[in-house]
Amino acid sequence: MNLGVDLGSSTSYFSRLNPVHKIPEAITVGFNNSPGVPTLVTVPKLGGDWEFGHSAREHITRSEYKHFRACKMLLNAGPGEWKKHDDYSDEFTPEIIAKFFLENQVEAVLEACQEEVVRRMVFCVPELWAKGIRVPDPKETLYRICRNIPQVREGGGNVEIVTEPEAASAYTAYCCREMAENHPFNGFLLIVDYGGGTLDITLTEVDTAVQNGKEVIRISTRGSCGVGENHNGQIGAAGISYMTRLTEMFLCSVRPDLCDPADPTRIANHQRRSVTESPLFLDLYRDVENVVITHGRQKLEHAFLKNASNPEGLMPQDSASVRTIIVPDSQGNSMSAPLTVGMLYRAYTDTIEAVLENELNKMKPTLEKYVADPYDPNCTNFKIVLVGGFGKFTLVERQLQRYFAVNNAAADHRLDTRLATQRETAISFGAALIANDEVTVRRTAPVSLGIFGRTAAVGRTFYNAIVYGQIMEEDVVYYVRQNPSTDKPEEGIIPIRYNAEQPPEFAIYFSDDQTKAYPREMIRDYWKDHIVLPSNTKCALGFRIDDSSVISLVISEFRDADHAGKILGEIRLDCYEKMFGYNGIVFDTDEPFDRL
């Protein structure tokens with residue numbers, strides 16, 4: 001079977017194309033009727049069987065179990081960071097937990113579908129991971145884990161990594177075509193992906209092309225921004241952080257003995273960690289989350305209608321009960337207390353509202369570059385798409401309506417609510433469509449890459465091989481040239497002379513500004529060990545991308561300004577730490593390096 005996988009920070013989904021109806025469907029595994037699988041693992045402290053997903057959730061508050069959450073978001077953190085969370089240790093690293101969780105769930109999925117092997121797996125990662133170069137690279141870690149799952153390896157090891165917004169765009173474009181009776185949607189999608197651990201905002205372009213006699217939807221990423229992974233030392237600036245804050249507010253409302261006297265909505269700092277990691281808090285977190293999911297939208301919508309005359313003030317102090325929750329008091333006796341509408345709104349303003357506003361503002365230049373007028377309700381080639389578990393939350397949707405001046409949601413199809421019921425499954429559905437070649441993803445360069453050179457006329461010069469956002473065909477080598485860009489002709493491949501003692505000075509930049517770049521010098525011994533050539537060999541230097549979105553440095557023979565010869569050496573840039581001597585650093589537009 002061909003499988004689409006959305007490994008979420010809090011909930012995961014596995015989807016396929018229904019073999020009879022040829023539409024994407026989520027696969028239900030385990031004893032729960034919901035296709036959403038909690039991304040949880042529990043391990044008995046005294047030894048015994050590991051539990052995964054729904055069954056692990058039954059043990060999450062039991063002290064005799066080690067418990068592990070959000071393994072995905074900790075994959076690119078150093079040990080000093082991930083050891084702070086749950087029971088992670090050298091014995092139970094995020095990579096080990098992710099490996100066993102995925103192996104267990106793939107086995108369960110195949111059993112549920114009465115299949116034996118996975119012939120193609122399309123795996124989704126946050127768009128945030130596609131920007132810059134990370135050490136360690138979580139994309140590469142997950143790619144390796146997935147290829148080594150026994151049933152995937154037996155099926156040929158065909159694994160492809162795409163970003164979550166690309167997968168969401170694939171499903172949205174597919175649905176738009178189906179809704180329009182097979183008329184394709186050609187235009188732009190602003191994907192607002194709010195999950196448990198990340199917020200990704202991505203602009204993708206949708207077009208169609210004929211491939212092998214079949215019209216295929218194509219997705220290209222045009223720009224992105226986002227926050228989430230270990231943001232300010234915590235897992236995520238999204239659903240998990242919201243639910244944690246809401247649980248804290250509710251607990252403080254019934255347990256003032258735990259609170260900070262200066263702010264009665266917050267747990268006192270001296271006991272924060274012991275409280276938030278206690279069975280009491282974890283159990284309460286689950287109850288609060290269930291109440292928000294089952295009753296939150298209805299109660300918030302009612303509050304919006306009640307406060308319609310004061311749309312800016314909304315309902316910050318609304319004391320209406322969403323639902324009553326039972327919690328132990330300071331003496332251990334059970335008591336009931338209401339989770340209120342005001343708490344839902346206050347937790348949102350504390351954790352989400354400013355973050356979402358800031359990231360939307362970051363996307364403005366990209367939006368205005370590609371879309372004629374994204375703020376015009378009559379714009380027909382632009383849609384705003386909310387996906388992810390937290391994307392269902394009504395306060396997120398309301399904030400987007402205010403930002404884009406959507407005054408009539410029913411008539412204004414920029415924020416299309418017809419897909420609202422699939423917001424949690426849209427990413428895995430899109431992955432399933434990609435796995436079955438119904439949609440193809442055009443890989444775009446996550447960075448600009450080239451080398452620095454010197455000319456007598458202008459001195460130091462940045463020669464590009466690839467530029468940020470350009471379409472890159474898989475396994476095609478893009479060589480360093482004079483001016484490769486959308487508005488300048490390519491002026492020929494630049495030759496370099498191989499010198500084992502002096503590697504070229506690489507140039508890296510993380511936006512579409514082609515006038516500046518960060519200089520990076522490769523460690524000399526690494527260059528000598530991986531590229532072994534006769535001194536003074538004339539070479540062409542280039543880069544290519546593979547199906548896991550990892551870029552490789554390629555050294556080839558130089559024939560002339562228009563042609564390169566056979567490949568002489570290649571280095572995958574997932575070894576960036578060893579190549580350039582940096583450990584645990586995320587290289588992106590916020591890094592404080594000097595620029596030319």
Side-chain angles (χ1 to χ4, degrees), residues 10 61 69-70 73 80-81 83-86 194 196-197 199 227-289 291-292 296 299-300 303 307 310 312-359 390 393 395-396 398-399:
S10 54
T61 60
R69 298 170 296 175
M73 298 314 303
E81 178 61 37
K83 284 183 180 179
K84 298 176 184 177
H85 298 283
D86 290 345
Y194 238 139
L199 161 65
V227 294
E229 50 187 336
N230 308 316
H231 183 70
N232 292 332
Q234 299 183 14
I235 304 175
I240 290 175
S241 62
Y242 173 79
M243 292 300 177
T244 300
R245 175 70 181 121
L246 183 58
T247 304
E248 177 186 31
M249 290 177 61
F250 176 77
L251 182 58
C252 285
S253 72
V254 294
R255 291 287 303 274
D257 56 299
L258 302 176
C259 300
D260 185 339
D263 185 350
T265 70
R266 296 187 182 276
I267 297 167
N269 283 334
H270 69 276
Q271 55 186 348
R272 171 175 293 276
R273 183 170 181 179
S274 63
V275 171
T276 57
E277 294 181 1
S278 67
L280 166 66
F281 193 89
L282 295 173
D283 204 28
L284 187 58
Y285 179 101
R286 184 172 64 175
D287 291 342
V288 167
E289 185 178 39
V291 168
V292 172
K299 294 294 185 177
L300 283 167
N307 290 274
N310 182 24
E312 296 303 320
L314 298 175
M315 56 286 187
Q317 303 299 326
D318 196 314
S319 59
S321 173
V322 179
R323 195 170 187 183
T324 297
I325 298 177
I326 297 174
V327 62
D329 62 18
S330 58
Q331 305 301 316
N333 301 314
S334 295
M335 62 174 294
S336 61
L339 181 72
T340 69
V341 169
M343 290 177 188
L344 266 61
Y345 184 76
R346 167 72 186 274
Y348 187 84
T349 59
D350 284 356
T351 58
I352 303 298
E353 190 171 52
V355 173
L356 178 55
E357 182 84 11
N358 185 55
E359 297 306 307
F390 199 60
F393 197 38
L395 292 178
V396 176
R398 286 278 183 164
Q399 186 173 347

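Just so you know, residue 1 is the first one in the sequence shown, and it goes up from there. These values consider heavy atoms only, across backbone and side chains, with no hydrogens, waters or symmetry-generated copies.
To the nearest 0.5 angstrom, Arg346 atom CZ is 4.5 Å from Asp350 atom CG. Separating the OH atom in Tyr242 from the CD atom in Glu353 is a distance of 11.5 Å, to the nearest 0.5 Å. Distance check: Leu284 CG to Leu246 CG gives 9.0 Å after rounding to the nearest 0.5 Å. Atoms CG and CZ, on Leu282 and Arg69 in that order, are 5.0 Å from each other to the nearest 0.5 Å. Rounded to the nearest 0.5 Å, atoms CD1 (Ile325) and CG (Leu339) are 5.0 Å apart.
In this view, Asp287 satisfies the salt bridge (charged side-chain N to carboxylate O under 4.0 Å, His left out) rule with no residue, not counting sequence neighbours. Here Arg323 pairs with nothing under the salt bridge (charged side-chain N to carboxylate O under 4.0 Å, His left out) rule; sequence neighbours left out. Contacts of Asp257 classified as side chain to side chain donor-acceptor pair (under 3.5 Å), with partners at least two apart in sequence or in another chain: Arg255.
Outside the 6.0 Å centre-distance limit, the rings of Phe393 and Tyr194 are not counted as a close aromatic pair.
When all heavy atoms are compared, the tightest approach of Gln399 to Tyr348 is OE1-OH, 2.6 Å. The minimum heavy-atom distance linking Leu344 with Leu395 is given by the pair O-CD1, 3.9 Å. Closest approach of Ala320 and Asp318 over heavy atoms only: N-OD1, 2.8 Å. Taking every heavy atom of both residues into account, Pro264 and Pro261 meet most closely at CD-O, 4.5 Å.
Annotation: side chain of Tyr285 is not in contact with side chain of Leu251 (no heavy-atom distance under 4.5 Å). Leu258 places a side-chain heavy atom less than 4.5 Å from the side chain of Gln271. Residues Phe390 and Ile240 have side chains not in contact (no heavy-atom distance under 4.5 Å, counting atoms from C-beta outward). Residues Ile326 and Met335 form no side-chain contact, since every pair of their non-hydrogen atoms from C-beta on lies 4.5 Å or further apart. Taking 4.5 Å as the limit, some side-chain heavy atom of Cys252 sits within range of a side-chain heavy atom of Ile267.
Between the side chain of Thr244 and the backbone N or O of Ser241 there is no donor-acceptor pair closer than 3.5 Å. The closest donor-acceptor contact from the side chain of Arg245 to the backbone of Ala347 lies at 3.5 Å or more, if one exists at all. Distance alone, capped at 3.5 Å, places no donor-acceptor pair between the Glu289 side chain and the Met243 backbone.
Of the listed residues (Thr340, Val341, Leu300), just one forms a side chain to side chain contact (heavy atoms under 4.5 Å, CB included) with Val322, and that residue is Val341.
Using a 4.0 Å cut-off between a side-chain N of Lys or Arg and a carboxylate O of Asp or Glu, Asp260 and Arg266 do not qualify as a salt bridge.
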